[in-house]
Amino acid sequence: MAQIQRLEDAATNPLTGSEWPADHSKIVQGRRTLPVHGNLDEILEAYHQNQVLVLSCETGSGKSSQIPQMLFYDEYESGLRVACTQPRRLAATTLAERVSKEMAVVLGEEVGYVIGGEKKMDKKMKKSRLLYMTEDSLVRRLGSDNNFPDFACIIIDEAHERTVEADMLMALLKKTLRHRKDLKLIIMSAPVNISKFQDYFNGCPLVHVAGQNHKVEINYLAPRTACNDLRALAVNVVAMIHQSYGPGNILVFLPGQGEINQVCDLLRKYLKDLDVFALYSKLSSRKQHMALNPEGPNRKCIVSTNIAETSLTIDNIVYVVDSGLSRQLVYNPRLDMDMLRVAPISQASANQRAGRAGLTKNGVCLRLYSKEDFELMDASTEPDIRRRSFQATALRLLSIGYMNIVGFKWMDAPHPDSILRAAQDLQDWGFLKDDGFLTPLGRIAAHFPIDPIWYRAIHIGAGLGCAFDIVDIAVVCHSQKSIFAHAPEHQRVADLFRATAARYPSDHVALANFFHMFMAEREKCQPDEDPRSKLHDWCKYNFLDFDALEGIRNTRKRLHKFLGATAKLKPSMASQRDVTSVPKALAIAFAHHAAIYNGGDDEYRTVPENTSGRLSPTSCLVNGNWEWIVYHRFSATGTKVYFEIATAIDAEWLVDLPNFQENQLALKKDGSLRQPKVKNSLDAAKARIAASTTI
DNA sequence: TTGTGGTGT
C-alpha cells in the first residue's frame, strides 16, 4: 500500500511518464478520505494470502472505484489484467471514466470497459490492465477461453444482486480457480447473506468495509392489512412530511406505474407547493431526466418503482417513504408463464430503500408497515435464477461445454421443473440432440442477441421465404417498452386504432406493420434533420412511442449484422406475396405456445397443459373465434390470465409436428384424452388435406 | 373487454 502511495505522490505519472494534471493532488486527497481507504492494507493482505476473498461493503464506501485501482497497481508487475464486473452498463462506463480520470490516463488505454459488443480498450498492445465489464460480457469471454490466461484477478461487484450472469460467473470461476491457482477472485457484496458466498467458496475469509452513509432514522407505521389503501396512506404520509418536517426532498417507493400515477395525481391535487415527479423505467428518458434533476425552489417529491433502489440516484433525498411492496417476477415452468405479482420486499431491499435517505445528510425513512411486518419479511430477495425461465441459460451453458445441466453447481439451483422444461424445449426446438450435444442450429442460437427461440423462428421462416419478416416480428416482440405511447386520456381511441389497423388476424404482423410505418416515415428524414423532433407529431398522431421504435430499429440492425455474419442468412420478405408464410412459420416455431379456442369471451386453452386464459383485450383477434392461436406470452396479473401477442393459425400446419401426433396428445389419469377438442380439430384438418390432395 | 418491477447480449 505504501508503495502505491509513493507512486501516486511521485513527481510524474509512473504509467505515462508525463506530468500529473493540475488537480491530481486534490483528487488523491479526496480518494484518501473515502471510508474504504482505511481498509486497503487489510484487504491487500487478505488478497495476498487467499485465492478467494469476500468483501462485505456498506454503501458509499468507494469500493467499486478504489479496490480495482489498488489491485491494478498490485498486479502491474505480473503483466496481467484485473476485471471488475457490473450488473449494469451505466455503472461499468461511469466507473471506467472516473477511475481513468483518477489515474490520469486516457480512457481505453490503461483503464477501459467492455459492455456487450461495445469495447473501449487497448486490445493489441495489451495496455488495458483494468477493465470494467458487464457481467454478461465476461460470461461470453469465459465461453471462448475458460481459463482466463490474461487475467490476474476477477472482481464481481454488487454480487448481492444475484443476477443470473453473476451466479453463472461464480459457478464457472469456482472451477477455473482449481485449474489456475494464481487466479484470484474477489466477491464484493452489500452486507446481506454474506456467509452464503463464504460457504460457496469453501469458507474463504471476509473483510468488512464501512460506508459513508449518514444516519437514517427508521419509523414504522400501522401493521399492513388487506384493507389499508396504500395510495391514500402514501399521500397522507407525504403530506405530513411536507407540512411538518424540515427541508429536503422526498422519495416514495411504490410497486408500479398504476399506483405511482394515482399517487402523483392526488399529491398534485392536494399539495400545490410540492413538485411531484413519477419515475419508472417505461417513462421516456426525457421525463426520467426531469425527475432525476428536479429544479426550482419548491420541495420535490419523486414517486418511484424499484428503479430508484439501485439503478438511479437522486440528489438531496432526505425522506424515504417505503410501501414495503414491489412487483416481482414469478416463473411457472409447467406453463412457461411469467407472472408479475405484488409482494412484500425483502429486509435487504427495505434497508437499501431506507439508505437512499442518507446519501447526502442524515435522513428519515417512514415505512408504511409495522416492525412486526418487517421481521416477517425474507432476509434477502430470491436470486434471479429461481424466478426466470431457464431455456436461454441452459443453452448458454451447453454452448460453453457444460453438458451436465442438471449437475451444474449453482449457488442456488434453478427449480427442477425449470431445468426439465428447458431441456425438453431445447430438444423440441432442434437445438439439443438426444446425446446431450448441441446441434449446429443450437450453437448459433446460443450466441443470438435476443431470446434463442427467435433464432429458430427465423430459421423456419427462411425455409418458407420470410426470414426477414420474422426478424421484424422478433424485434418488436423483444422490445421491453411498448411501441404504443402511454396517454391515458387517449387510451380507448388508441386501442380502437390498433385493432382496426390490423389487416390479418395477427398481433405479431400488426406490431411489425407499425414498425414498418415508422421506418417508412423515418426514411423521409434528411441527413441533417433530427429524427426525434421530425417524427414527434407523426408519432403522437399515431399513438406511437419514438424511443421504443428507435430502440427496435437498433436491435434490428444488430440482428441483421449477426444473421449476415454468423448465420449467413440471405434477406427474404415473403409477407407481401404470400400471406400464409409468416403465420405458418410462427405456428411451427411456437408450437409449444399453441392454444385452442374454448368458447365465447375469447377464451383459449393451452395445449397440452389445458390452462385457460383469454386474449388480451387489445388483440386484433378479439371476437374472431379463431380455432387455433400461437401466442408470444402467457401472463397473469392478479386473477386475470391473458394471451399476449397472438396469431391465428390453421390446424393444417400443426398435423405434421411431432407434439401433435396422435400418440403424443395429453391423457387424463383414466387414459382418456385430456383435450378431445384437439384430436377432433387435427382429424378434421387431416381430412381437409386429404380432400384437397385427391382433387 | 385491460393496464405490468428491473437488468443484459
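Here is how names work: the chains are called A, B, and so on, in the same order as the sequence lines, proteins then strands, and each is numbered from 1. Excluded from the calculations below are hydrogen atoms, water molecules and symmetry mates; all remaining heavy atoms, backbone and side chain alike, are included.
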Does a side-chain N-to-carboxylate-O contact under 4.0 Å join A:R396 and A:D136?
yes
Rounded interatomic separation in angstrom, taking CD from A:Q480 and P from B:dG6
10 Å
Before accepting this row, confirm whether a basic side-chain N of the pair A:K63/A:E158 lies closer than 4.0 Å to the acidic partner's carboxylate O.
yes
At under 4.0 Å between heavy atoms, what does A:D384 touch on the DNA or RNA strands: base, sugar-phosphate, or nothing?
base
What contact category does A:S281 fall into here, base, sugar-phosphate, or nothing, at under 4.0 angstrom with non-hydrogen atoms?
sugar-phosphate
Atom CZ of A:F543 and atom C1' of B:dT2 are separated, to the nearest Å, by 17 Å
Can you tell me how far P of B:dT9 sits from CZ of A:F562, to the nearest Å?
15 Å
Given A:F590, which partner from the list A:Y631, A:W454, A:W429 fulfils the ring-ring contact (aromatic ring centres under 6.0 Å, His included) test?
A:W454
Taking CZ from A:R88 and P from B:dG8, how many angstroms apart are they, rounded to a whole number?
7 Å
To the nearest Å, give me how far apart CZ (A:R341) and P (B:dG5) are.
16 Å
If I take atom OH in residue A:Y642 and atom C1' in nucleotide B:dG3, what distance separates them, rounded to the nearest angstrom?
9 Å
Provide, to the nearest angstrom, the distance between the CG atom belonging to A:N306 and the P atom belonging to B:dG5.
10 Å
Do A:S612 and A:E603 come close enough that some side-chain heavy atom pair is under 4.5 Å?
yes
Rounded distance (Å) that lies between atom P of B:dG3 and atom CG of A:D265:
18 Å
